[in-house]
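All values below were derived from every heavy atom in this structure, side-chain atoms included, with hydrogens, water molecules and symmetry-related copies excluded.
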Amino acid sequence: MSASSASESPCRLQVALGSRSYPIHIGPGLLGDPQWLTPHLAGRQVMIVTNETVAPLYLERCRAALSEDLEVRELVLPDGEATKSLEQVSRIWDALLEAGFNRRCTLVALGGGVIGDMVGFAAACYQRGVAFVQVPTTLLAQVDSSVGGKTGVNHPLGKNMIGAFWQPRAVLVDTDTLATLPERELSAGLAEVIKYGLIRDAGFLAWLETAIPSLRALDATSLTQAIERSCAIKADIVAADETEQGVRALLNLGHTFGHAIEAHQGYGAWLHGEAVGAGMAMAAEFSARLGWLSMADVERVREIIAAAGLPLAAPAGMTVDDFLARMRLDKKNVDSRLRLVLLHALGDACIHDDAPPESLAAFLEDYPRQA
Ligand SMILES: NC(=O)c1ccc[n+]([C@@H]2O[C@H](COP(=O)([O-])OP(=O)(O)OC[C@H]3O[C@@H](n4cnc5c(N)ncnc54)[C@H](O)[C@@H]3O)[C@@H](O)[C@H]2O)c1
Ligand SMILES: O=C(O)C(=O)C[C@@H](O)[C@H](O)[C@H](O)COP(=O)(O)O
Ligand SMILES: [Zn+2]
């Protein structure tokens, strides 16, 4: 993407949560410009937390947006989904205490969803809760993880099992950062973009069917359109149901299967977006088995997932029991009833806890595995 003037006015969305709200700013050149970050600082103590891949690319630019009179610290964590752990979150708490940071400090999460989820959780717990700002640098984080306040870490037995709902003060999406994103990570981000079309917006899905090549080619206009529409849908759903008592669970389309794949394969072997891509193909096909979706619609789902460069088949060797054991731990489940997000049409998702267990087991048995 081309860098443009930071004075260009970015898109501004709002996440409205009862009496509170926070902005999502989307545009090029936000990172190095003080006008976006400074208004959201709680006090003078600021800690930028990033990782070893993002630091050499963007830490200096982010640091430059903070004036000299602030007390700024930096913490660079290791990279990777396997590091999304309590151990790394503890390092954030250690650094905050060693710096003598108090309740008026602000954490800045500079990076992808792994950094955002961990920094948000560190902020939720430090001295019972401090301010944080999301500065997402992957497509996935810009369209999904930076918005909505789900924070946390993985457990060997399941994804995001330890965490808290803790909302950021603001989300600053600098679209210029996508220029350095590896192709595989861009595809992973597209999984969550496609998800929004599938659950809420058939028109957006139809647009994506034609726009996937330009999105994969990093066309700035198409990317900005996709990010804005994705964030608007997510902001709307989170505003309606902040803590996932109902409609927010729709954002989990493909995740019941996807999280099982990620945990079973070992965190990082499959990217989150890849697992969600295959998981959405599985959810579409299971919806068709139960008679809720036509095979023509399933084919459209499979085509767009494949066009985005995402896998369709489940991992080789992952058995029905491997799936079911992980799926039984899913956070959406109520008592012992397994809940799934399924499609009734493209653009219309529903939460189901009534799928016959024997149909699910038979479906998992039949679903194609990678060679
Ligand atoms: N909280 C939520 O609502 C939510 C939503 C979706 C996903 N998630 C979580 O987010 C995580 C996945 O996020 P992700 O896909 O961003 O993964 P990630 O954070 O691991 O980032 C992907 C890779 O890209 C690198 N990177 C980041 N920005 C870059 C840039 N601009 N240029 C080059 N490289 C860059 C990272 O260092 C990493 O290697 C998962 O843990 C998932 O569970 C959370
Ligand atoms: O924001 C949400 O709500 C989501 O479900 C978004 C998902 O894309 C994301 O992967 C989320 O972290 C999954 O949440 P979980 O509660 O299933 O762990
Ligand atoms: Zn997700």
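We find the CD-CZ distance between Gln45 and Phe101 to be 5.0 Å, quoted to the nearest 0.5 Å. One finds the SG atom of Cys62 at 6.0 Å from the CG atom of Leu37 (value rounded to the nearest 0.5 Å).
In this structure, Arg44 does not pair ionically with Glu71, as no charged nitrogen and carboxylate oxygen lie closer than 4.0 Å. In summary, Arg337 and Asp353 engage in a salt bridge, as defined by a charged side-chain N under 4.0 Å from a carboxylate O. With salt bridges taken as basic N to acidic carboxylate O contacts below 4.0 Å, one links Lys150 and Glu244. A salt bridge links Asp366 and Arg289; the closest N-O separation between the charged side-chain nitrogens and carboxylate oxygens is under 4.0 Å. Classification of Lys195 and Glu192 as a salt-bridged pair holds, one side-chain N sitting under 4.0 Å from a carboxylate O. Here Arg300 pairs with Glu209 in a salt bridge; the nearest charged N to carboxylate O distance falls below 4.0 Å. Between Asp330 and Arg339 there is no salt bridge, since no side-chain nitrogen of the basic residue lies less than 4.0 Å from a carboxylate oxygen of the acidic one. Ion pairing between a basic and an acidic side chain is recognised when a charged N comes within 4.0 Å of a carboxylate O; Glu228 and Arg12 show no such pairing.
Taking every heavy atom of both residues into account, Trp36 and Leu30 meet most closely at CD1-O, 3.3 Å. Here the closest heavy-atom approach between residue Leu290 and residue Ala355 is recorded as CD1-CB, 4.0 Å. When all heavy atoms of Val46 and Leu66 are compared, the pair lying nearest together is CG1-CD1, 4.0 Å.
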Please determine whether side-chain hydrogen bond (donor to acceptor under 3.5 Å, both in side chains) holds for the pair Thr177 and Gln142, giving the CA-CA distance in whole Å, both sets of side-chain angles, and the decisive distance to 0.1 Å. CA-CA 10 Å; Thr177 60; Gln142 294 183 352; 3.1 Å; yes

Does the pair Glu242 and Arg248 meet the rule for a salt bridge (charged side-chain N to carboxylate O under 4.0 Å, His left out), with working shown? CA-CA 7 Å; Glu242 184 179 356; Arg248 183 166 182 167; over 6 Å; no

Would you please test Arg91 and Glu98 for salt bridge (charged side-chain N to carboxylate O under 4.0 Å, His left out) and show each step? CA-CA 10 Å; Arg91 288 188 55 197; Glu98 281 158 18; over 6 Å; no

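No donor-acceptor pair closer than 3.5 Å links the side chain of Lys84 to the backbone N or O of Asn154. Glu52 places a side-chain N or O within donor-acceptor distance of the main-chain N or O of Asp79, the cut-off being under 3.5 Å. Side-chain atoms of Asp174 do not come within 3.5 Å of backbone N or O of Pro28 as any donor-acceptor pair. Checking side-chain atoms of Ser287 against main-chain N and O of Leu343 turns up a donor-acceptor pair under 3.5 Å. Counting only distance, with no hydrogens or angles, the side chain of Trp292 and the backbone of Cys350 share no donor-acceptor pair below 3.5 Å. The closest donor-acceptor contact from the side chain of Thr50 to the backbone of Gly111 lies at 3.5 Å or more, if one exists at all. In terms of modelled atom types and a separation under 3.5 Å, the side chain of Thr256 and the main chain of Leu340 share no donor-acceptor contact.
Ring-plane geometry between Trp207 and Phe204 is classed as parallel, the angle between the planes falling under 30 degrees on a 0 to 90 degree scale with a further cut at 60. Note on ring orientation: taking the six-membered ring where Trp is involved, the planes of Phe257 and Phe286 are perpendicular (angle over 60°, cut-offs 30° and 60°).
Applying the 6.0 Å contact sphere to CZ of Arg369 captures more than 12 heavy atoms from other residues, nucleotides or ligands. Within a 6.0 Å sphere centred on CD of Glu358, other residues, nucleotides and ligands contribute more than 12 heavy atoms.
Two residues are said to be in side-chain contact when any heavy atoms from C-beta on lie closer than 4.5 Å; Leu86 and Phe121 meet this criterion.
Remark: Tyr196 engages no residue in a ring pair (Phe, Tyr, Trp, His ring centres under 6.0 Å) (not counting sequence neighbours). Among residues two or more places apart in sequence or in another chain, the side-chain hydrogen bond (donor to acceptor under 3.5 Å, both in side chains) test is passed with Tyr267 by none.
The six-membered or imidazole ring of His352 lies near that of His344, with a centre-to-centre distance under 6.0 Å.
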